[in-house]
2 protein chains.
Amino acid sequence: MARHFKDRIIEGDCIEEMRKLADGSVDLVFADPPYFMQLGGALTRPDQSNVDGVDDEWDKFADFAAYDAFTRAWLTEARRVLKPNGAIWVIGSYHNVFRLGAAMQDMGFWILNDIVWRKTNPMPNFKGTRFTNAHETLIWAARSKEAKYTFHYDALKMLNDELQMRSDWTLPICTGGERLKDREGRKLHSTQKPEALLHRVVLATTKPGEVILDPFFGTGTTGAAAKRLGRHYIGIERSADYVAGAQARLKKIKPVSIEDLAVTKSKKEEPRVPFGQVIEAGMIAPGAWLVGQNGKRARVRADGSLAFGEATGSIHRIGALVCDAPACNGWTFWSLETKRGPQPIDLFRREVRRQMAMAPAA
Amino acid sequence: MARHFKDRIIEGDCIEEMRKLADGSVDLVFADPPYFMQLGGALTRPDQSNVDGVDDEWDKFADFAAYDAFTRAWLTEARRVLKPNGAIWVIGSYHNVFRLGAAMQDMGFWILNDIVWRKTNPMPNFKGTRFTNAHETLIWAARSKEAKYTFHYDALKMLNDELQMRSDWTLPICTGGERLKDREGRKLHSTQKPEALLHRVVLATTKPGEVILDPFFGTGTTGAAAKRLGRHYIGIERSADYVAGAQARLKKIKPVSIEDLAVTKSKKEEPRVPFGQVIEAGMIAPGAWLVGQNGKRARVRADGSLAFGEATGSIHRIGALVCDAPACNGWTFWSLETKRGPQPIDLFRREVRRQMAMAPAA
DNA sequence: ATGCAAGTTGAATCAATCA
DNA sequence: GTGATTGATTCAACTTGCA
């Protein structure tokens, strides 16, 4: 690879531009391709406001066949320009990630992990039709089964409070000051990724001084993380607007030494345990009776709600109802009726929490 | 489907046995197929016979091709036996889930969510060569894009402390007393799923009395959750050992009583009540004034329409008009003006519904 | 300055029924 | 099948505005 390509953004189509790069010339590829979301019409929130969905031209394809052809074309070039011991990261959602992963396996990439990015603040499902789509998936793969890929086990363990870094990462979406805006104050790119996500990727799977290629550079999050962590980047991006935004952004990034990196400490909050999880765990069966501190009894249902006469609701609401109080902490109010006498339900929460504590929030 | 298939385990190959089931005869399929982890050795052909050693001619692509052929074969039968409005759940890991998902999309299944099962207690990565593989992925898909699938949104929301359920589920792996053991005390099945996982799946996406087919029944976790929650199951399993273990397990399961199967209902399921019926019932007289949440007033007419100045229309249309909004739920927007203050009109709808429930339509 | 309330927003395959 | 009508539906994080 010609040396002058390093730390530059190339404006153009990623397949064409990758063809100009030499075989085996980059250490890592990070790719955030279009997801082919196939959104329907307009979507409104319960307050009637409009959801600004992804309607960009770059996300439109005729069908899966067209999307697959595109996917295989850019993956082919990406694999060619990777060094033999190189690796690739690809991010997607359920709309496209299965096609990405299958194509990668077909082409000889060797999957090392799939990583789940759990969003702390995802967009809710406004119509109540599905589960909140609260995560995206990253695939980490070596160029081949034989590749000696880079993995900084200890650095990642340090990032995770001395615990092995797991395959699920909990991070907020990109908002606030980090989100690039256009002159009118609107988001410059509809799907800008948080730098924290790329920070973890770059730190874990590249060495300082190595070259990272991002064929869908967008607003340059990969470049930002690379520059900050002393790696080189090559970005390819079709949109002149995005290129301009990324250029300005990268100019401001100051590289730091690893030891100066402030490691974000994971919050050790006590995990929230819904009462329903006690049911699912089999600790309390649907149909069991709970007795309140005032002696009133209510019956447990399969979804974790309580039935008291005609009324149904959460342990808190029914607790408030039978107390004729505006509010009630159901966890401390109710006990399970057993042959050996009443057992406070909070005991069961403690047990579930003990199990949950092994999967830290961050 | 012949009635005698319900709540039975069929010992045999799932593709052959599914061929004996009638078209459109099951409501839900839950499938936990082999993951094909490629840990060396055991390879299987589409007919599930064992490959004796590694055949060099087949190589890597041949492995995936064989797995894909097997996948498409059983998915084809699964789709055929599903009712038009049926749905499917499939669970896998990064080894196979991308191939599963892509095949499902190719066959016309419509993915609704991918769900991440976060394990609280995963197997650590002993060598420190990758991220701890701490999750598995489930794909939930409708039989087609047009299918009206079942989703008990409100019950799931209740299960999660009145917050809508997300696509990431944190649950422990199956251990302790729940884990089936053989006579020597070793685990009977290497990948037994926790019943809590199936509890959530069954509760969310089936109705009591429906039929759930599990073509890779194993030790019968799907059957256990189905029986406990008042659903029917059909299990298909090749191994006589697993069938015997599942039989013994299921015999011990006690179904939850009918009345405890009720879960939090959706408002969408309640019978529709036209506003005119409230007038007919004499609860609101023609000429009465309604006041909106924004203070605007409109007059009730004899046919259940509202008059606001020159404009007339339904409670929803006039509500939208006075809010200058594209849409409005008139039931929650308007209140009746009375001497004792405003009374939300939804209270009257509730009363009409109560009366209708007591005197069902003749 | 500070604190609280109200408003805004994010990769979204987001309704069901009747005329 | 198509279009109009009814009526159900949101969570966390950040920004703005006002006391």
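Values below: every heavy atom of this structure, side chains too, minus hydrogens, waters and symmetry copies. By convention in this document, chain letters (A, B, ...) are assigned in the order of the sequence lines, proteins followed by strands, and residues within each chain are numbered from 1.
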Contact class for B:Glu270 vs. all strands (heavy atom < 4.0 Å): base, sugar-phosphate, or nothing?
nothing
I'd like to know if the side chain of A:Arg179 and the backbone of A:His189 have a donor-acceptor N/O pair within less than 3.5 Å.
yes
Sugar-phosphate only, base, or nothing, as touched by A:Gly176 at under 4.0 Å among non-hydrogen atoms
sugar-phosphate
Let's test your reading of the pairing rules: Watson-Crick or G-U wobble, both distances under 3.5 Å, then write DNA chain D as a dot-bracket string with ( ), [ ], | and dots.
.|||||....|||||||||
Distance check: side-chain N/O of B:His316 vs OP1/OP2 of D:dG7, anything under 4.0 Å?
yes
Just by distance, do the side chain of A:Lys193 and the backbone of A:Thr191 share a donor-acceptor pair under 3.5 Å?
yes
Establish whether the base of C:dT17 is bridged to the side chain of B:Arg272 by a donor-acceptor pair shorter than 3.5 Å.
no
Whole Å only: how far is the NZ atom of B:Lys157 from the P atom of D:dA8?
14 Å
For the pair made of CG in B:Asp161 and C1' in D:dC11, what is the distance, rounded to whole Å?
14 Å
Rounded to whole Å, the CG-C1' distance (B:Leu306 to D:dT6) equals 14 Å
Could you measure between the two C1' atoms, the one in C:dT13 and the one in D:dA13, and give it in whole Å?
25 Å
Quickly work out the B:Ile315 CD1 to D:dT6 C1' distance and round it to whole Å.
9 Å
Counting any heavy atom closer than 4.0 Å, what does B:Ser314 reach on the DNA or RNA strands: base, sugar-phosphate only, or nothing?
sugar-phosphate
Is there a donor-acceptor pair closer than 3.5 Å between any side-chain N or O of A:Arg130 and the backbone N or O of B:Leu112?
yes
So, is B:Tyr153 close to the D:dT10 phosphate, meaning a side-chain N or O under 4.0 Å from OP1 or OP2?
yes
Mapping B:Arg349 and A:Gly177 onto DNA chain D by nearest heavy atom, which one lands closer to the 5' end?
B:Arg349
Using a heavy-atom cut-off of 4.0 Å across all strands, would you classify B:Leu163 as base, sugar-phosphate, or nothing?
sugar-phosphate
Expected output: side-chain B:Arg118 to main-chain B:Leu171 donor-acceptor under 3.5 Å
no
May I ask you to check whether B:Trp140 and B:Tyr149 place their ring centers less than 6.0 Å from one another?
yes
Send over the distance from B:Glu146 CD to C:dC14 P, rounded to a whole Å.
12 Å
Just confirming the chi classification of C:dT13, syn or anti, using 90° around 0 as the syn window.
syn
Name the nucleic acid region contacted by A:Asn125, choosing base, sugar-phosphate or nothing; use a 4.0 angstrom heavy-atom cut-off, strictly under.
base
Nucleotide C:dT13, atom P - distance to CG of A:Asp56 in whole Å
16 Å
Would you kindly give the NE2-to-C1' distance between A:His95 and C:dC14, to the nearest whole Å?
11 Å
Below the 4.0 Å mark, does D:dT9 have OP1 or OP2 next to a side-chain nitrogen or oxygen of B:Asn329?
no
Would you check if the side chain of A:Asp303 reaches a backbone N or O of B:Leu203 as a donor-acceptor pair within less than 3.5 Å?
no
Is B:Gly319 touching bases, backbone alone, or none of the nucleic acid, heavy atoms closer than 4.0 Å?
nothing
Can you give one letter per nucleotide of nucleotides 2-11 of chain C, 5' to 3': B if a protein heavy atom sits under 4.0 Å from the base, S if only from the sugar-phosphate, - if neither?
-------BBB
Sticking with atom C1', work out how far D:dT9 lies from C:dA12, rounded to a whole angstrom.
14 Å
In whole Å, what is the span from the CE atom of B:Met165 to the C1' atom of C:dC14?
18 Å
Can you find a side-chain donor-acceptor pair between B:Trp89 and B:Thr205 that sits under 3.5 Å?
yes
Can you confirm whether A:Glu195 sits close enough to A:Arg249 that some side-chain heavy atom of one is under 4.5 Å from a side-chain heavy atom of the other?
yes
I'd like the C1' distance from D:dT10 over to C:dT9, given in whole Å.
12 Å
Taking atom types as modelled, find out whether B:Arg79 and B:Ser144 have a side-chain donor-acceptor pair closer than 3.5 angstrom.
no
Answer with yes or no whether the side chains of A:His95 and A:Ser93 bring together a donor and an acceptor at under 3.5 Å.
yes
Separation of the P atoms in D:dA8 and C:dC18, to the nearest angstrom
14 Å
Contact class for B:Val273 vs. all strands (heavy atom < 4.0 Å): base, sugar-phosphate, or nothing?
sugar-phosphate
Classify the side-chain pair B:His135/A:Asp114 by whether it contains a donor and acceptor separated by less than 3.5 Å.
yes
Short side-chain N/O contact from B:Arg317 to OP1 or OP2 of D:dT6, under 4.0 Å:
no
Where the side chain of B:Ala327 is defined as all heavy atoms beyond and including C-beta, which of D:dG7, C:dA12, D:dT9 is the nearest nucleotide?
D:dG7
